[in-house]
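Side chains are part of it too, since the values below use all heavy atoms of this structure and drop only hydrogens, waters and symmetry mates.
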Amino acid sequence: MAGVSASAQSLAFTNVRIVDGNGRAPVEHGTIVIEGRKIVAVGPTSNISIPHGARTIDEGGRTALPGLADMHVHLTGGWDGVSADMLGYHRYMNALLYAGVTTVLDTGNVESYVLQLRAETAAGRLLGPRIYCVGPLVDGPDPFWPELSRAIVSQDQIPGVVQQLAAEKVDLIKLYAGLSDLEVQAISNEAKKYKLRTILDAHSRNGSTDLMQEGIAGYAHLPTHKLSDEAIDTARANHVFFISTLSVIEAFSRRRFKDLSFLDHSLIVDTTPSFALNGLRKLGNEEVNKHSLAALLDGESNVKRLMNAGILIAAGTDAPYPGDFQGEGIHRELELFVESGLTPLQAITIATKNAAAIVNAETEWGTLEPGKIADILIVDGKPDQNISDTRNIVAVIKEGTVLDRNKLKLDPDTDPGYRPVGGMDAPGTE
């Protein structure tokens with residue numbers, strides 16, 4: 001028997017199916033014991049002793065899995081993907097937690113803004129998921145997203161830029177499409193001096209074998225063209241990882257908007273302001289973009305082939321964009337993984353264990369194992385068999401605390417109604 005000492009903070013979930021994030025078959029009759037922020041025991045009920053005085057919750061055969069991680073978000077974006085919504089942070093932080101997303105990687109933001117969000121959530125003064133961040137995008141002399149970027153106009157800038165980002169303790173450095181190959185290499189090499197790694201969004205060159213050999217750790221997006229066998233071999237040889245972002249490719253295709261009933265799902269309607277929902281419903285009249293749909297199918301093909309090759313993939317959405325939501329988007333990403341030919345267990349691993357791996361946090365979170373942080377999602381159903389059951393959320397536990405999901409819902413009576421700036425919500429637009 002694996003016993004643990006009694007504690008006033010002990011919490012035990014009993015009669016629960018356990019999907020631990022490692023890809024193994026579920027434990028059908030399990031128990032999870034939490035003490036403070038950490039899991040102290042997990043496994044078949046017959047192997048677990050519950051501390052005297054622990055609070056016990058009978059889950060009635062529901063399924064527990066690790067809290068989900070979205071490793072490509074932008075925590076300043078408006079619902080349309082192009083506007084800014086810096087005052088609306090409560091909405092999207094709550095939306096992420098409501099959907100069981102307990103960890104995110106912000107992959108490009110206003111530098112001081114995201115650093116403050118990260119610091120305040122880490123300190124417990126702001127309720128939200130655990131935040132990893134890259135700070136700003138590092139781009140060429142004419143940045144694609146100027147307000148979110150550091151522009152490199154000379155290689156002489158590189159040591160100073162990297163030194164400052166290292167001092168700010170960014171978790172990765174994100175390189176953008178306007179940089180030359182030599183600059184990608186120079187920044188990646190400079191970053192290694194500070195034990196920092198780089199990820200890259202090279203737009204149409206994502207998946208390029210040349211760029212894989214310039215010192216990057218990974219690509220911020222899956223390529224939207226079919227990867228060659230040479231590219232897959234090069235990625236494996238150079239230990240290059242990929243962040244998936246199939247959801248945003250589907251969003252650009254407008255495929256989801258052929259049937260607007262998806263907007264009625266609780267993960268969306270409970271967390272999205274009415275002005276955004278009204279704008280989204282107008283998109284139901286748009287035709288499917290066949291080019292983007294073909295790109296989605298190529299991206300899905302890449303997922304399957306990369307997984308079969310043993311290359312690390314982590315789940316990310318690039319939310320928010322129309323049809324690609326903070327929170328709900330990761331559940332759509334899981335469904336697209338299964339559409340790609342992966343098993344539900346593989347999909348869950350990509351959004352839990354693999355996510356922790358790309359930020360070197362495998363020993364801290366990402367699986368349901370003793371010693372790991374107690375980020376747990378309890379759902380009705382069997383998501384290891386039907387991936388959409390991840391949506392049937394009963395409880396979200398973040399760092400050992402059971403969250404009150406009702407308080408995470410958007411309340412129109414108390415929401416201040418902040419509107420994004422620019423984009424589809426700009427003055428004079430419909």
Side-chain angles (χ1 to χ4, degrees), residues 9-13 16-23 26-27 30-43 55 57 59 62-71 73 75 92-106 117-118 121-124 126-133 171 267 314-317 326-331 333-334 347-379 383-384 390-405 407-408:
Q9 295 181 308
S10 294
L11 173 63
F13 297 94
V16 64
R17 301 177 73 248
I18 300 170
V19 174
D20 67 7
N22 284 305
V27 174
T31 294
I32 303 171
V33 180
I34 298 170
E35 199 167 308
R37 299 173 63 246
K38 298 289 187 69
I39 297 169
V40 294
V42 56
R55 177 188 172 200
I57 301 175
E59 290 298 343
R62 299 185 181 101
T63 300
L65 60 151
L68 301 174
D70 189 338
M71 304 308 279
V73 300
L75 294 176
Y92 45 77
M93 300 287 258
N94 287 348
L96 287 158
L97 290 176
Y98 188 73
V101 178
T102 53
T103 303
V104 296
L105 170 62
D106 185 293
L117 286 180
R118 183 183 65 169
T121 54
L126 175 63
L127 181 63
R130 177 183 303 104
I131 297 173
Y132 293 86
C133 74
D171 299 289
L267 295 180
T317 63
Q326 304 279 21
E328 189 269 350
I330 201 68
H331 297 272
E333 195 76 16
L334 291 170
I348 291 168
T349 296
I350 292 174
T352 55
K353 181 179 183 178
N354 288 10
I358 71 166
V359 287
N360 292 332
E362 307 97 310
T363 61
E364 300 172 35
W365 56 271
T367 56
L368 302 183
E369 296 178 282
K372 299 289 182 74
I373 293 172
D375 292 337
I376 304 172
L377 188 57
I378 307 288
V379 301
D384 49 293
T390 61
R391 297 173 174 271
N392 303 331
I393 299 170
V394 175
V396 178
I397 298 90
K398 180 179 183 287
E399 298 188 9
T401 297
V402 181
L403 302 181
D404 185 343
R405 291 185 73 238
K407 291 184 178 179
L408 299 174

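- Side-chain contact between Asn22 and Glu369 is present, with heavy atoms from C-beta onward closer than 4.5 Å.
- Residues Thr352 and Val19 have side chains not in contact (no heavy-atom distance under 4.5 Å, counting atoms from C-beta outward).
- When side chains are defined from C-beta on, Leu75 counts as touching Leu96, because their heavy atoms get closer than 4.5 Å.
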Under the side-chain hydrogen bond (donor to acceptor under 3.5 Å, both in side chains) criterion, do Thr317 and Asp70 qualify, and how do the steps go?
CA-CA 7 Å; Thr317 63; Asp70 189 338; 2.6 Å; yes
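- Considering only heavy atoms from C-beta on, Arg17 stays 4.5 Å or farther from Val27 through its side chain.
- Between the CE atom in Met71 and the CD1 atom in Ile350 there is a gap of 13.5 Å [rounded to 0.5 Å].
- Here the CG atom belonging to Asn94 is positioned 5.0 Å from the CG atom belonging to Leu408, to the nearest 0.5 angstrom.
- Between Val104 and Gln326, every side-chain heavy-atom pair lies at or beyond the 4.5 Å cut-off.
- Between the side chain of Asp171 and the main chain of Cys133, a donor-acceptor pair closer than 3.5 Å is present.
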When you look at Val359 and Glu364, which way does the side-chain contact (heavy atoms from CB on, under 4.5 Å) test go after all the steps?
CA-CA 11 Å; Val359 287; Glu364 300 172 35; over 6 Å; no
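- Ile393 has its side chain within reach of Leu267: a pair of non-hydrogen atoms, C-beta onward, lies under 4.5 Å apart.
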Test side-chain contact (heavy atoms from CB on, under 4.5 Å) on Arg62 and Val379 and set out the steps.
CA-CA 6 Å; Arg62 299 185 181 101; Val379 301; over 6 Å; no
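- Not one N or O on the side chain of Arg37 forms a donor-acceptor pair closer than 3.5 Å with the backbone of Gly400.
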Run the numbers on Asp106 and Arg118 for salt bridge (charged side-chain N to carboxylate O under 4.0 Å, His left out), then give the verdict.
CA-CA 9 Å; Asp106 185 293; Arg118 183 183 65 169; over 6 Å; no
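- You'll find the side chain of Phe13 stays beyond 4.5 Å of the side chain of Ile18, heavy atoms only.
- Residues Ile39 and Val33 fail the side-chain proximity criterion, which asks for heavy atoms closer than 4.5 Å.
- In terms of modelled atom types and a separation under 3.5 Å, the side chain of Lys398 and the main chain of Thr103 share no donor-acceptor contact.
- Proximity of a side-chain donor or acceptor of Thr349 to a complementary backbone N or O of Gly21 within less than 3.5 Å is detected.
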